[in-house]
Amino acid sequence: MPPNAPSRPGGQPTTRPQTALTAIRALVFVLSLLPFLHLLRGALTDGLGANPLEYLTQQTGTWTFNFLLLTLTITPLRQMSGVHWLIRLRRMLGLFCFFYAVLHFAAWVWFEHFFLLEAMARDILKRPFITVGFVAFALLVPLAATSSQYAQRRLGGRRWQTLHRSIYLIGILACVHYFWLVKITAIVYPLTYAILLAVLLGWRARDRIARYHGPPHQRMMGK
Amino acid sequence: MPPPLAFPRITPSEITPPAVFAARRAFIRSTGALILAGGLGSAGTVAFATPTPRERLAVSRRSPLSTSEATTPYRDVTRYNNFYEFGPDKDSPAKHAHRLRTRPWSLRIEGEVRRPQTISIEDLLAWAPLEERIYRLRCVEGWSMVIPWIGFPLAELIRRADITGNAKYVEFHSLADPEQMPHVRTPLLDWPYVEGLRLDEAMHPLTLLAVGLYGEVLPNQNGAPVRLVVPWKYGFKSAKSIVRVRFVERQPKTAWVKAAPEEYGFYSNVNPAVDHPRWSQAQERRIGEFRKRPTLPFNGYAEQVAQLYAGMDLRRNF
Ligand code: HEM
């Protein structure tokens, strides 16, 4: 996904000492867990409102999408700021996206269908927004499975990168999922997510074009 | 003004003692009631405090049409609402409906009537004795509640409206004041919110004009000061905060039918056999319950209302 940014001419060194980075990653980890802890506390204290099962489904879906967008924000942010260690946060954010997707999927499996395979199959075939959500989730699985450095090495940079570009498609499917499930009165939510995604993908498209026409040393490399 | 109200068709044991009833009416007329009933500070000048005084309503009788199912807690009934004039989320009405001023309030009755009239909410409240009706409510989204409403049959209003022979349908218009209802500025639905019933549906004894719930004046987020309750139809048919009742000859163009005609029909009777295009209507989640329960035809009121639709194709007239 993100090409390696050219080093800024005369820029400051943007690597961090390992300890500082470890601390930042620990902080991001804890922050990323907060929505989950909030839901867990609510579930244990009857604090999720009148329709707790719906609330859980919606919140986990929202956080899946939030982390998807956050993951896609790393590369533009890194390129624009030159802060290269940001890349070291990306895998964690991507895995949190998957974590919330698993919870979201589990909420549907449990609260909507009570583990009835036949009912789930029917729902996937019948409701278009479920079909699309399911495909998005299925596409997330190989990304999570190949997130380790070991998998990256095994696959080889280029194949790994090609595989992981499917996150763009997953983002688009997530938008379709969202647009398809809301009523017109709530259209502002999927619209907001669609605009954010469009900005993130648009930035990449522009970057590629610029790179294509740019000096040769800026050619694509890395993810 | 209609003639002073007698107590029609009620056995003595059912009626509120006249002294209580008169006191209630006097109280409702007084400014005190204006304050309490609307949940507002005096004449709306005082900032809205959250634990608002909740004005109790005297109920003159209970109804045999009530269900004996467990009622949904007040907290859930008043915090989990769809009232899009106040925002898109379930908690938007509870958060924002304090901006609604329910006094003074008047209701315009017009259209195919011999004498159009505008009546105040106070006069409307005196048009018929209030009764409690514990009804199931099934939302088109797939959840349900059991709510103890207070009100009187819409038929009482229709009787006093003096309608002409051309009146075949009734339209209900909700308030659409951008000052009080911030979201009517967003053009997502065609405001004001309009709902409608066929005249025989409107005259049906189950059809209620509600002014309260749980023994109290209707909270703003539930459609104060006066709303419709049609228990065998999906919840959105029951228009809230009504300012206009219009009798018409042709089937009204209602808000959701205009917004998404392939998803919402004029009739919108609760029907487990006809799915919403995007989800099944076979089951529902009763608020407070974990497992889903099957949805009943006409929301369990088939015995009372099925004959209204005899011979109609309910798949086509969804
Ligand atoms: C990448 C994958 C997915 C993303 C990003 C995603 C995102 C979302 C979002 C943002 C919402 C709306 C939350 C709200 O209304 O506030 C939602 C709702 C929902 N999603 Fe997903 N979702 C995904 C996958 C799935 C899958 C796999 C299923 C089930 C098979 C599913 C089922 C649902 C259901 C049932 C709702 C609730 C609909 C409602 O409240 O009426 N989603 N999802």
Side-chain angles (χ1 to χ4, degrees), chain A residues 38-39 42-59 61-62 106-116 118-134 175-194, chain B residues 72-94 137 139-145 147 183-184 186-191 193 221 236 255-261 263-264 275-292:
Chain A
H38 167 78
L39 292 176
L44 297 176
T45 58
D46 192 17
L48 299 178
N51 198 343
L53 306 183
E54 177 191 76
Y55 187 77
L56 284 173
T57 311
Q58 294 182 345
Q59 285 296 301
T62 301
W108 172 81
V109 167
W110 188 3
F111 309 144
E112 291 256 335
H113 297 300
F114 299 94
F115 302 99
L116 293 174
E118 200 211 312
M120 287 191 266
R122 228 182 305 127
D123 199 9
I124 291 171
L125 294 178
K126 179 164 172 118
R127 295 201 279 179
F129 87 83
I130 296 288
T131 318
V132 171
F134 187 77
C175 282
V176 175
H177 175 66
Y178 207 171
F179 271 110
W180 231 330
L181 73 91
V182 296
K183 289 203 263 192
I184 180 76
T185 43
I187 206 80
V188 57
Y189 298 129
L191 205 58
T192 308
Y193 279 87
Chain B
T72 306
Y74 181 88
R75 196 188 123 105
D76 294 339
V77 172
T78 55
R79 291 202 207 168
Y80 188 79
N81 311 98
N82 285 327
F83 196 166
Y84 297 113
E85 285 85 338
F86 293 109
D89 302 318
K90 291 287 186 296
D91 57 357
S92 312
L137 171 101
C139 177
V140 72
E141 297 168 347
W143 51 269
S144 64
M145 295 185 179
I147 305 177
H183 277 256
V184 302
T186 61
L188 299 174
L189 287 177
D190 189 5
W191 312 110
Y193 192 85
Q221 62 268 35
F236 70 87
W256 280 106
V257 173
K258 277 192 270 186
E263 298 188 15
Y264 308 99
D275 286 342
H276 185 279
R278 291 184 288 154
W279 58 84
S280 160
Q281 295 291 28
Q283 290 183 311
E284 66 200 52
R285 176 163 284 129
R286 177 70 52 85
I287 295 303
E289 292 180 355
F290 185 64
R291 288 209 157 251
K292 294 189 179 186

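To find a chain, count down the sequence lines: A is the first, B the second, and so on, and within it residues start at 1.
- Surrounding CZ of Phe236(B) are more than 12 heavy atoms belonging to other residues, nucleotides or ligands, all under 6.0 Å away.
- Contacts with chain B were tallied for Asp123(A), Asp46(A), Ile130(A), Val182(A); Val182(A) has the most, counting heavy-atom pairs under 4.5 Å.
- Below 4.5 Å, heavy atoms of chain B meet heavy atoms from Asn51(A), Leu53(A), Glu54(A), all part of residues 51-59 of chain A.
- Each of Glu141(B), His183(B), Arg79(B), Glu263(B) has some count of heavy-atom pairs under 4.5 Å with chain A, and the biggest count is that of Glu141(B).
- Counting heavy-atom pairs closer than 4.5 Å to chain A, the top residue among Arg285(B), Gln283(B), Lys292(B) is Arg285(B).
- Looking at Tyr189(A), only its side chain comes within 4.5 Å of chain B, counting heavy atoms on both sides.
- A cation-pi geometry, defined here as NZ or CZ lying under 6.0 Å from the six-membered ring centre and within 45° of its normal, holds between Arg291(B) and Phe114(A).
- Closest approach of Leu188(B) to Thr185(A), counting heavy atoms only: CD1-O, 3.7 Å.
- Two residues are said to be in side-chain contact when any heavy atoms from C-beta on lie closer than 4.5 Å; Glu112(A) and Trp279(B) fail this criterion.
- When heavy atoms are compared at a cutoff of 4.5 Å, Leu181(A) approaches chain B solely by way of its backbone atoms N, CA, C and O.
- For chain A, no part of Asp91(B) is nearby; none of its heavy atoms comes within less than 4.5 Å.
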